[in-house]
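Everything numeric here is computed off the predicted structure, so don't read it as measured data. Labels below follow one simple rule: chain letters A, B, ... track the order of the sequence lines, proteins then strands, and each chain is numbered from 1.
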Amino acid sequence: MRAPSSLKQEFLRKWILGLQICSSSAKSMSISERKKAIKLSADIAMASARNGRTSWSRALIASASKDDNHGKLFVQQILGSDCERLTKISTSIKRLRCKKILKKSSGTIIRRRMKRIPDKAVASSIAKQMVNKRTQILKSLVPGGVFMDEVSLIEETLDYILSLRAQIDVMRSLADATEMMMNC
Amino acid sequence: MMNRGTLLPEMLHCADITVLERQRARLKWQQDQLQQPQQQQELQQQQHQEQQQQQQQEVRYFSELSQLISQGFDECGLMMGQQVKPDPAFENGWPDLGKIVAPAAGYGFGPGFEASYAISRTSSSPPAVVPEAVDVKGKVSVAALNAKVSAAVGRESFKKRKADKVQNTKVAVEENTKDKRMKGSAEEGDSSKITEQNNNNNRSNSNTNNNNKNNKETSADTSKASEVQKHDYIHVRARRGQATDSHSLAERVRREKISERMKYLQDLVPGCNKITGKAGMLDEIINYVQSLQRQVEFLSMKLAAVNPRLDFNVDNLFAKEAFPVCPSNFPTIGMSSEMTHPAAYLHQFNSLQQQAVSCSGLDLGIINPSEMGLRRTISAPVSAPETFIDSSCYPHLQPSSNWDSDFQNFYNVASFPSQQFTGTLEASNLKMEM
């Protein structure tokens, strides 16, 4: 039973955990490094707040744990014991390869047929290509999206959007609070 | 019950029931549902059974979604998610349901409210249908009944999509029969296995559709056996005048799934109501996701700039202080500005972190103003829990002009709880940075 506010609490809790790691080394960081650390810890916290139930969160955590730059630290700290369970992207790579082959072949087929198909079908194939192109873009946006098929992609996108929103809310209020405190 | 009784013959006699009529029937049925809670429970149980046997991941996901929407509908919980396969016909019934959901859901939502409300519009209809639903033990598989009814009702004209979509309509028709068969009767295997125990492998198994169609004919006394769980076929009926080979059926199922999900996205992404094409919708979604990601980047940059040492513990302690608008009554946090939300949960976070008193917002309203006036002057050597309560009370009373003195107190207060905090020293450093 996750209400949005509890999601945000969860996120905030984990995020603070992550930030505590880098606060010790904060003096040596440049602003861009700090920003990266903040963003990374926020992303990992958000993903872990999902408890591995969504594919994008697992993909995000997995990619972060391969990263050199604090990523692993964050993952370990924030996830604790769940670390191992969540950092596996297993069979998705095979699927990706098969899909790539399929896509290549379908492209050529359409081209060959173009001469013989009536306008209606041409329009629909053009529409399909448009959709496909955009689907590809969306896949590149959602973490781990390239491994998913369309149906689950849309589900993951939904969840991802919700999580992003919660993340933004928390970050914004934290930033505003900090700013306000600094300014007065 | 009466209504449903009349629905059944209605549906039975229309060999060629149009979509519109079905929609109307559904709507009527739905409205009946609103007034008849006990039947809703049954319905919901069946529905749940079926849904549960489908993609569990999907179920879980949708339940989360709907939970996000309807905080007021606690009892729906898991069930709501499983109900959600909105049929466009349900649009008619939704606006009023949406209104019901919206105020209840208003509590937790700052800026996300309107979007959540939008979601609630689409998903509230089935949950409204089953408001009491708590039990998730489906005894009956709706699919079985669906098939049975469709067999009885006849045939070609009835478009049977996936069972989860159709159940809302079929349920009305099946009500009569269902009531008799309802309670946990594990009926034995008719090999038809109409029960679409749609698991996660739906898509891969949709080529068994032909098989299923044959079975449907024989399924007059369908077994809703819950033990028929192992079959994960999707039972799809061909529409009138459409190709019936398994590939196109599978394709159709897939397309419908996608369009359903797209509808959710339409509600989630602002400004998508007018766009009808898939490509346009995807465009909007892409733009929205990109903008959200950019916002995250921007905010993290801002946080990095504002806070050179990344010591956010300080912020948390001051957060309550920093919010200019504090509601007098925290329980209604969702109602006022966005800021109150973080106040509440930051507050809770602090108590979490310190493992001190659980200072929920509810405590705040109770504390005596005069007491607080006294406590404000207390400086360092106070126990952490007390100071926590004190500091949390402050936002209610203090206008911004008092902040200086309060800051002193806060710095003293803050020096205790935080482990990373190097006492007042760091606090004063912060002050100097301003």
Given 3.5 Å as the limit, does a donor-acceptor pair link the side chain of A/Glu150 with the main chain of B/Arg255, or not?
no
Going from [atom1] on [X] to [atom2] on [Y], what distance comes out if it is rounded to the nearest 0.5 angstrom?
X: A/Leu174; Y: B/Ser300; atom1: CG; atom2: OG; result: 11.5 Å
X: A/Thr157; Y: B/Arg261; atom1: OG1; atom2: CZ; result: 11.5 Å
X: A/Ile137; Y: B/Gln290; atom1: CD1; atom2: CD; result: 7.5 Å
X: B/Ile258; Y: A/Ser152; atom1: CD1; atom2: OG; result: 9.5 Å
X: A/Arg165; Y: B/Tyr288; atom1: CZ; atom2: OH; result: 3.5 Å
X: A/Leu162; Y: B/Leu268; atom1: CG; atom2: CG; result: 5.0 Å

Max heavy-atom pairs within cutoff under 4.5 Å with chain B, candidates A/Val131, A/Leu141, A/Leu153, goes to A/Leu141
Closest-packed option against chain A by number of heavy-atom pairs under 4.5 Å, given B/Ala305, B/Gly280, B/Ala279:
B/Ala279
Heavy-atom pairs under 4.5 Å with chain A: which of B/Ile285, B/Asp283, B/Val289 has the most?
B/Asp283
Check each atom of A/Ala175 against the heavy atoms of chain B and say whether the ones under 4.5 Å are side chain, backbone, both or neither.
both
If one checks every heavy atom of B/Met262 against chain A at 4.5 Å, the contacting part turns out to be both
Minimum side-chain heavy-atom gap B/Gln295-A/Arg172 below 4.5 Å:
yes
Would you check if B/Leu265 and A/Glu155 make a side-chain contact, meaning some heavy-atom pair closer than 4.5 Å?
no
Nearest heavy-atom contact between B/Val296 and A/Ile168 is CG2-CG1, 3.6 Å
Before you tell me yes or no, could you show the steps for A/Arg134 and B/Met281 under side chain to side chain contact (heavy atoms under 4.5 Å, CB included), namely the whole-Å CA-CA distance, both residues' side-chain angles and the distance that decides it to 0.1 Å?
CA-CA 10 Å; A/Arg134 284 161 177 78; B/Met281 272 289 308; over 6 Å; no
Would you please test A/Tyr160 and B/Gln293 for side chain to side chain contact (heavy atoms under 4.5 Å, CB included) and show each step?
CA-CA 10 Å; A/Tyr160 186 55; B/Gln293 285 175 338; 2.9 Å; yes
